[in-house]
A.B. asks: 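The structure that follows is given in the form of structure tokens.
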Amino acid sequence: MLPAKRRIISGEAIIPFLTFVFGIAFLLQTKGAPAGVMNWPWMIISIMALFWIAVVIRYCIQKSDQPPSRPFSVQQLLLPMQVVGLPLIYLFLLPHLGFAVCTTAFLMTMFAMLGGKSWASNFGIALAFTLFLQISLIYLLHMTLPRLEIGSFLL
Amino acid sequence: MEIASIDVIFSGLTLLLEPQHLMWLALGMFSGLVIGAIPGFNDTNFLAMVLPFTVYMGAMNAVIFMMACFCAAQAAGSIPAILLNIPGTPSNAVTCLEGFKMTREGRGGFALGVSVMASTVGGVISAVIALVLTPVIGIYALNFGPAELFMMAIFGMTAVGSLTGKSITKGLYSSAFGLFLACVGTEFQQGYTRASFGFYELYEGFPLIPVLLGVFGFSELFTLAGEKSLVPEGVKHATGFRPIFAGIRAAGKEKMNMIRSGLIGVLVGLIPGTGAAIATWISYGQAKQWSRQPEKFGTGHTEGLIASDACNNGVPGGALIPTVTLGIPGSGTTLVVMAALMINGITPGPSFFTEHVVEAYAILFSLVIANVMLFPIGILIARLAANVTAIPNKYLVPIIALFCLVGAFAWRQMLFDMYLVILFGIIGALMVRYGYSVPAFLLGLLLGPLAESNFYWAVEIGGIDSFLRPIALGILCATFAVIVLPLFLNKLSSRGKSSNANSCSC
């Protein structure tokens, strides 16, 4: 066991770190902004800075006799990465393959990934749901979702 | 303005009971229930789409349809909030806090029953107050100037920041973060675009609906993906009408909470520009402070759910009052209602109650009837909706993900918003894991533009002295009380616990 000393709790530091990075990016983007435009943001940044310091001192830097560790293990990150990764691939392919094809494939893949073993029922449910959304969103509500052009036919 | 005679009021009721008006009332309710239950679909946007057709519907039918839709959407928005942690409308975000926790404990049907009862009672209270006092209390709304609206925004954010999340510091930090994010986009004074990061989609700032769907709906998927069903294994899950009626009975025992929350909805709805989102947070905060079990809030507590849903349905009546009496819309939806009246040649305002008094009372009665009808229809919808909890997560999680993405697209028809859902889903999940207040963050984002513009106008018009006006000062004192009171009560209760422990040890 290590002697107790002040260490940075890496998990607690994530949100303060993200807000700090966003703050820097915001200030860089607004460099050269006319006077008056930045009055309100500077007020908010000042208030935020006070709370940021309080959060960092109170929660991010704590006495601990445990060795520093990662906030998440690789195993813990596997499922969240799948939950994020698959929708990202879906969104990337959506403008190219259209709503109907992408949605059916996305649903089928995600059903299988989460434990749906029967490909037939995965495909059936995915297709039924996609059809329902296609009819209600595109034909009834006239939403301009991306569609796949096959010759003169719009899927 | 004065209260009309009984004959006139009765004529208004008779006018409403004509078959064509009742038909439009029923259609409005049905539309509202569907639109409100679908995350990402906003009743304001739907009614804006219906607006051109109001010329063919006629003024009375149009307004009755719109107000019924408004009431039903507010109530229906609780259904996905309770069952899926996805608020159907922005004002249902508070419902997620308690309702979804109850679903995870196998009490989804019970929560829906509580919601139906609270929504009906809150809605009826607001409709009756609107009916009786519209000519009298419309003037109250005029006393709220920019300084008061600014203080209301700060009060709302402070109340939420200090009452939700694991610590007051993190809660207030979340509010400030939301306010900071709201600075992105075109600044209202000079039209300068602050920090759009090269995306034209951010010229108007971060859009609320995708952010809401991300932090509430999508963020929950990280937990649900690792579980077999919404209700964890081993937890008893009650189905059928029985838990719904149990929820109704439980809500019926909390009369004071329902009445107080409904009144808060009316009073805040009365103030133009505030809307149901801030009203529900104020009501929730008030319920927690009045409760004998404040520590149970946020754990699936009936009182919290009642406070949010009764208030939510109390807002439409309050919002209608300044719209009809002063020609100042109380909310986005009543703005569309006002437009419908004006398209049909009726100018809302002080003259509306003198020149069209019978029609005015017919509209107010439609609000009462719509809220009463909400009760039986709400029970049926709740019974059907509760079956969602029986769907295994392997099918539910992808469907929720899809609903969140498509709902975000429905707002502005932009693919960019779908990416925002994923981004804020990750941020929301991290905030929840480390004890930050997601509701406070959202309220900061929502109220940021309101706070900024009203602060600017208050300083321009009256200088710093405008913040010393009685109402503004009163709200400022309430803001400090909301921060100090929980700390004071915590100290009292820990002193009480330690003196109990000492006496026991003796």
Side-chain angles (χ1 to χ4, degrees), chain A residues 11-12 14-16 18-19 22-23 25-30 33-34 36-41 43-45 47-48 50-52 54-55 58-59 71 79-80 82-84 86-88 90-91 94-95 99 103 106-107 109-116 125-126 129 133 137 141 143-146, chain B residues 41 49 167 169-170 172-177 179-184 187 189-190 192 194-198 218 221-222 224-226 228 392-395 397-399 401-406 409-410 413 415 418-419 421-422 425-427 429-431 433-436 444 448 451-452 455-456:
Chain A
E12 290 284 349
I14 294 176
I15 295 289
L18 286 175
T19 49
F22 177 77
F26 182 90
L27 291 172
L28 284 172
Q29 279 275 297
T30 51
V37 160
M38 288 298 289
N39 288 345
W40 174 259
M43 265 176 64
I44 301 302
I45 287 170
I47 296 167
M48 247 191 90
L50 291 171
F51 285 124
W52 191 91
V55 163
R58 174 76 180 80
Y59 295 103
L79 196 56
Q82 286 171 332
V83 170
V84 168
L86 213 54
L88 279 175
Y90 168 72
L91 292 182
L94 191 60
F99 178 74
T103 304
F106 167 73
L107 286 175
T109 313
M110 223 168 164
F111 290 157
M113 190 184 81
L114 293 174
I125 296 171
F129 201 72
L133 285 179
L137 299 178
L141 293 175
M143 274 173 64
T144 52
L145 283 159
Chain B
F41 287 86
M49 285 194 290
S167 87
T169 316
K170 282 184 172 178
L172 294 175
Y173 181 73
S174 305
S175 294
F177 182 35
L179 274 176
F180 188 33
L181 271 189
C183 293
V184 169
E187 182 263 351
Q189 226 179 305
Q190 297 179 38
Y192 182 86
R194 292 187 295 222
S196 65
F197 303 100
F218 201 87
L221 298 181
F222 296 110
L224 292 179
K228 282 199 171 141
N393 278 7
K394 62 184 174 192
Y395 298 122
V397 165
I399 289 171
L402 200 60
F403 258 123
C404 290
L405 295 173
V406 169
F409 186 86
Q413 317 266 307
L415 212 61
M418 293 167 126
Y419 285 103
V421 169
I422 299 173
I426 298 169
I427 292 172
L430 287 170
M431 287 182 80
R433 183 184 161 96
Y434 292 108
Y436 290 85
E452 183 184 357
F455 181 77
Y456 168 76

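Each chain gets a letter, A, B and so on, in the order its sequence line appears, and its residues count up from 1.
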A.B. asks: Under a 4.5 Å heavy-atom cut-off, does chain A meet the side chain of B:A429, its backbone, both or neither?
C.D. replies: neither
A.B. asks: Measuring from atom CE of A:M48 to atom OG of B:S174, what distance do you get when rounded to the nearest 0.5 angstrom?
C.D. replies: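 If we round to the nearest 0.5 Å, A:M48:CE and B:S174:OG are 9.5 Å apart.
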A.B. asks: I need the minimum non-hydrogen distance between B:A176 and A:I44, along with the two atoms involved.
C.D. replies: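 Answer, listing the atom of B:A176 first, then A:I44: O-CG2, 3.7 Å.
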A.B. asks: Ignoring hydrogens, what is the shortest heavy-atom contact between A:L107 and B:P398? Give both atom names and the distance.
C.D. replies: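 Distance-wise, the nearest heavy atoms are CD2-CB, 3.8 Å.
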A.B. asks: When only pairs under 4.5 Å are counted, which of A:L88, A:L18, A:L133 shares the most heavy-atom pairs with chain B?
C.D. replies: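 Ranked by heavy-atom pairs under 4.5 Å with chain B, first place is A:L88.
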A.B. asks: Counting only heavy atoms closer than 4.5 Å, note whether A:F111 contacts chain B via side chain, backbone, both or neither.
C.D. replies: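 Both parts, backbone and side chain.
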A.B. asks: Heavy atoms, side chains only, cut-off 4.5 Å: are B:L179 and A:I47 in contact?
C.D. replies: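 A side-chain contact under 4.5 Å is absent here.
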A.B. asks: Is any side-chain heavy atom of A:F26 less than 4.5 Å from a side-chain heavy atom of B:L181?
C.D. replies: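 When only atoms from C-beta onward are counted, B:L181 and A:F26 do not touch, as no gap falls below 4.5 Å.
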A.B. asks: Is B:E187 in contact with chain A via its backbone, its side chain, both, or neither, using a 4.5 Å heavy-atom distance?
C.D. replies: side chain
A.B. asks: For the residue pair B:Y173 and A:P16, what are the closest heavy atoms and their distance?
C.D. replies: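 Scanning both residues, the minimum pair turns out to be OH-CA, 4.0 Å.
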A.B. asks: Quick one: does A:L91's side chain get under 4.5 Å of B:I422's, heavy atoms only?
C.D. replies: yes
A.B. asks: Is any side-chain heavy atom of B:N393 closer than 4.5 Å to one of A:L114?
C.D. replies: no
A.B. asks: Rounded to the nearest 0.5 Å, what separation is found between the CD1 atom of B:I399 and the CZ atom of A:F129?
C.D. replies: 4.5 Å
A.B. asks: Counting only non-hydrogen atoms closer than 4.5 Å, does B:L405 touch chain A with its backbone (N, CA, C, O), its side chain (CB onward), both, or neither?
C.D. replies: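 The side chain, not the backbone.
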A.B. asks: Flag the pair B:M418 / A:L94 as yes when at least one side-chain heavy-atom distance between them is below 4.5 Å, and no otherwise.
C.D. replies: yes
A.B. asks: For a 4.5 angstrom cut-off between non-hydrogen side-chain atoms, does A:M38 reach B:R194?
C.D. replies: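 Counting from C-beta outward, A:M38 and B:R194 do come under 4.5 Å.
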A.B. asks: Considering only heavy atoms, which portion of B:V421 lies under 4.5 Å from any heavy atom of chain A: side chain, backbone, both, or neither?
C.D. replies: neither
A.B. asks: Looking at B:F197 and A:A25, what are the two nearest heavy atoms and their distance?
C.D. replies: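 Answer, listing the atom of B:F197 first, then A:A25: CE2-CB, 3.7 Å.
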A.B. asks: Which heavy atom in A:G36 sits nearest to a heavy atom in B:Q189, and how many Å separate them?
C.D. replies: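 Scanning both residues, the minimum pair turns out to be O-OE1, 4.3 Å.
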A.B. asks: If only side-chain N and O atoms count, and only distance matters, is there a donor-acceptor pair under 3.5 Å linking A:Y59 with B:T169?
C.D. replies: no
A.B. asks: Which heavy atom of A:V83 sits nearest a heavy atom of B:F218, and at what distance?
C.D. replies: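 The pair with the smallest heavy-atom distance is O-CZ, 3.8 Å.
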A.B. asks: Which value, rounded to the nearest 0.5 Å, describes the distance between A:T30 atom OG1 and B:Y192 atom OH?
C.D. replies: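 OH of B:Y192 is found 7.0 Å from OG1 of A:T30.
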A.B. asks: Does any non-hydrogen side-chain atom of A:M43 lie less than 4.5 Å from one of B:F455?
C.D. replies: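 The answer is yes, as the side chains (C-beta and beyond) meet within the 4.5 Å cut-off.
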A.B. asks: Which atoms of B:A401 come close to chain A, meaning under 4.5 Å heavy atom to heavy atom: side chain ones, backbone ones, both, or neither?
C.D. replies: side chain
A.B. asks: Is the closest side-chain heavy-atom distance between B:M431 and A:I15 below 4.5 Å?
C.D. replies: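 Answer yes - side chains close enough.
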A.B. asks: Step by step, would you call B:F180 with A:F22 a ring pair (Phe, Tyr, Trp, His ring centres under 6.0 Å)?
C.D. replies: CA-CA 10 Å; B:F180 188 33; A:F22 177 77; 5.3 Å; yes
